[in-house]
Amino acid sequence: MNVVVRRDGKLNLADLEKPFAPPAAAKAPAPASKPFKLLIERLAVQNGSATYEDDSRPSPFRLDLDPIDFQLLDFSTTGTTAGSYQLHATVGQGGQLQWSGTIRAQPLSLHGTLALTGLSAPTLGSYLGSSLPAEISHGTLALQGGFALDGAPPGSTSPGVRMTVDVQQAQVSGLGLRLREPASDDIELDRFTLGNAHVDLERRTVEVGEIALSGLGVKPSQAPSDYIKLGRLTLGDGRIDLGRRSIQVGEIALAGADVQSWLDAQGRLNLLGLLGGPAGQPAHATASSPPAAPTAAAGNTSAAPAWRIAAPDIRIDDMRVSLEDRGAKPAAHLTLGPLTARITGYDGSPGSHIAVALQSGVNGKGQLRLTAQGTLEPQALSAKLGLSRIDLRALQPYLNRYTALTLASGLLDTSLAVDRSAKGRLTATGRIDIADLRTVDEDLKRDFVKWRGLHIIGLRYVSNPASLHIERITAVAPYARVIIGADQTVNLSEALHPRGWRAKPAAAQTAGAKTTAAAAKRAAGAAAAPMPMSIGLVRFADGTADYADFSMQPNFATGIQDLHGTVKGLSSDPSSRATVDIQGRVDRYAPVDISGV
């Protein structure tokens with residue numbers, strides 16, 4: 001048998017009806033007649049073959065089924081007992097099809113089970129052609145399932161035919177996809193499995209027991225390594241209801257994911273290059289692209305309701321995310337992992353509650369913990385964030401942009417509670433601790449500012465109206481070095497500018513100063529009232545400092561030791577007054593006492 005779709009889209013088998021006379025003019029329908037009597041005790045086809053050709057496509061498609069063995073037993077057009085059939089065929093290059101079941105004419109009934117193994121995925125890809133966003137380079141398909149097609153029995157008021165499909169397992173192995181016809185694959189997938197699926201065409205529903213992907217790798221064609229790797233992704237207990245426009249997934253589990261991301265020198269994210277255009281700019285975002293057509297006419301109130309998507313249980317285990325900022329010199333690195341997370345209660349319905357629990361390593365030794373609860377509509381959030389032993393040396397590339405300092409050490413710990421009300425009011429409370437901070441002046445190669453511990457306790461920020469209050473700041477063993485050079489430059493100013501900043505051409509400095517002054521003037525004109533800020537208590541313990549002035553003759557230098565005391569009532573309110581009570585020693589012997597309001 002040869003089945004051919006010609007270039008004009010017409011099927012060659014349609015020619016079989018041409019010898020028959022055209023139907024006469026329409027007449028009143030005749031009363032239903034009894035079916036034509038036909039009895040087949042056994043019909044067998046051995047070593048048959050069939051060819052399907054589609055010449056209407058841009059690239060002609062051909063599929064051979066050879067050999068074909070078929071057998072039909074005990075089939076009758078008038079009996080109530082169903083006959084049975086069996087079919088075995090070789091599909092394409094090595095695919096095997098086993099199909100068996102029962103068939104009945106009155107009422108119409110066709111049931112069957114089938115098993116398809118070893119089908120070449122590129123064969124299916126070549127038939128689907130341009131309807132796929134990618135070319136399938138390699139892979140195999142396998143399918144096991146069954147179907148049932150039943151017509152309404154005589155006298156039934158149920159219209160039409162009901163059809164259901166059950167898929168025990170569908171599997172794709174060793175899949176390779178090429179998105180833009182490059183020399184290498186953009187996507188590699190070790191295995192895709194769909195299990196225990198049920199399709200009901202009458203009810204327009206799809207139920208899926210499990211979908212699993214393993215060994216997925218995604219990258220641009222010319223990249224040396226994958227940007228995204230997924231060890232295993234599992235979706236369980238899924239249901240799609242086209243009538244109700246809803247998608248529900250009982251559980252989603254992701255394990256062993258690895259994401260490699262970076263910002264280039266222009267600040268573009270490499271992952272956006274996977275969308276088909278340059279990194280940071282999708283392919284469709286071009287000046288020549290026509291504007292998008294409106295999706296509905298103005299004032300149209302009959303638009304279909306939005307889809308409802310629910311995934312009440314999402315779990316992430318052993319995930320790693322690497323982010324590199326190549327715009328900084330040297331490049332800045334942030335690594336999260338192993339990362340675990342649990343998201344429960346996600347539902348697109350208004351008022352549904354979502355809970356998130358996440359924890360991850362940060363750059364090896366640090367730890368991040370986050371718990372949050374909230375709603376999507378209205379948008380409200382209550383979260384707790386904890387950071388411990390975050391190595392601040394990772395910020396050195398950004399310090400290089402603005403300072404002449406080296407961050408030799410420093411560990412950050414913080415505990416914050418963040419709340420956002422449905423009306424958008426943001427509140428943040430908590431504490432921040434920075435331990436063993438040490439900065440080095442790159443010009444002097446000596447310590448600049450350091451401390452054993454800095455504790456910011458009782459922090460409270462409110463967005464509307466904006467305010468910031470800190471109950472207490474404690475500095476343990478703080479140290480600072482202040483030097484006035486022979487040219488009357490102060491090391492504080494020099495260290496807080498990048499190295500070589502004074503070497504810029506005078507014209508550039510003047511232009512920069514004008515630009516800065518103009519920007520400051522505009523900001524001052526547009527600024528609202530300053531945000532109120534206050535600090536209840538600042539405490540110093542075991543502080544030291546070195547001071548030197550080389551602009552005077554003879555030069556002067558001294559040291560301050562055992563600095564301790566408090567400053568109370570600091571505030572941005574012009575009418576407020578702070579109380580100062582600080583003691584220490586100058587050069588170990590001379591006491592110093594600073595007190596007042």
Side-chain angles (χ1 to χ4, degrees), residues 403 405 410 414 428-439 441 444 446-462 465-486 488-497 520 524 527-597:
T403 73
L405 296 174
T414 185
T429 59
R431 65 178 291 164
I432 299 173
D433 300 278
I434 301 176
D436 298 324
L437 182 88
R438 177 172 172 254
T439 61
D441 188 322
L444 302 176
R446 304 183 72 177
D447 288 344
F448 177 63
V449 172
K450 63 180 181 180
W451 58 70
R452 188 186 309 153
L454 180 68
H455 310 288
I456 302 173
I457 301 171
L459 181 149
R460 178 178 175 82
Y461 166 78
V462 179
S467 65
L468 174 64
H469 175 72
I470 298 173
E471 291 182 4
R472 182 170 73 254
I473 298 178
T474 301
V476 180
Y479 169 84
R481 184 185 302 275
V482 181
I483 299 177
I484 302 175
Q488 295 188 343
T489 59
V490 182
N491 70 321
L492 294 175
S493 176
E494 296 297 309
L496 297 179
H497 285 84
M531 177 177 69
M533 293 183 289
S534 61
I535 303 175
L537 175 68
V538 178
R539 182 183 298 278
F540 302 92
D542 196 22
T544 57
D546 286 321
Y547 174 81
D549 188 346
F550 298 109
S551 66
M552 58 185 301
Q553 295 296 331
N555 298 155
F556 174 78
T558 188
I560 301 175
Q561 301 177 11
D562 192 23
L563 190 66
H564 60 276
T566 61
V567 179
K568 299 179 180 179
L570 287 172
S571 174
S572 61
D573 185 353
S575 65
S576 68
R577 295 293 181 268
T579 302
V580 179
D581 184 11
I582 299 176
Q583 297 84 37
R585 296 195 309 274
V586 177
D587 284 340
R588 293 186 297 174
Y589 304 110
V592 60
D593 189 336
I594 304 173
S595 61
V597 177

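Reckoned from all heavy atoms, side chains included, excluding hydrogens, waters and symmetry mates.
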Can you find a pair of side-chain heavy atoms, one from R577 and one from T579, that are under 4.5 Å apart? no
Of the non-hydrogen atoms in I434 and W451, which two are nearest, and what is the gap between them? O-NE1, 3.1 Å
Identify the heavy atoms of S551 and D549 that sit nearest to each other, and give their distance. OG-OD1, 2.5 Å
Would the distance check show the side chain of T544 and the main-chain N or O of Y479 forming a donor-acceptor pair, the cut-off being under 3.5 Å? no
To the closest 0.5 Å, what do you measure between CD1 (I582) and CD1 (I594)? 5.5 Å
Rounded distance [0.5 Å steps], CD1 in I456 versus CZ in R472: 12.0 Å
Does CZ belonging to R539 count more than 12 external heavy atoms closer than 6.0 Å? no
What I want to find out is whether R481 reaches D447 closely enough, with some N-O distance under 4.0 Å, to be called a salt bridge. no
Tell me, do L405 and L496 make a side-chain contact under 4.5 Å, heavy atoms counted? yes
Q553 CD: over 12 foreign heavy atoms closer than 6.0 Å: yes
With distance as the sole test, does S571 use its side chain to make a donor-acceptor pair with the main-chain N or O of S534 at under 3.5 Å? no
Hey, what do you get for OG1 (T489) to CD1 (I484), rounding to the nearest 0.5 Å? 9.0 Å
Is D441 close to E494 at the side-chain level, that is, under 4.5 Å between some pair of heavy atoms? no
Any side-chain donor near an acceptor of the partner, D581 and T566, under 3.5 Å: no
Rounded to the nearest 0.5 Å, what separates atom OG1 in T429 from atom OH in Y461? 13.5 Å
Is any side-chain heavy atom of N491 closer than 4.5 Å to a side-chain heavy atom of V482? yes
Charged N-O contact under 4.0 Å between R452 and D542: yes
For V592 and R585 the tightest heavy-atom approach is CG1-N, 3.9 Å
Between the main-chain N or O of R431 and the side-chain N or O of T414, is there a donor-acceptor pair closer than 3.5 Å? yes
Between CD1 of I457 and CG of L537, what distance do you get to the nearest 0.5 Å? 9.5 Å
Are the side chain of D587 and the backbone N or O of G559 linked by a donor-acceptor pair below 3.5 Å? yes
dist S572:OG -> I535:CD1 (nearest 0.5 Å) comes out at 10.0 Å
Quick check: do R438 and D436 have side-chain heavy atoms less than 4.5 Å from each other? no
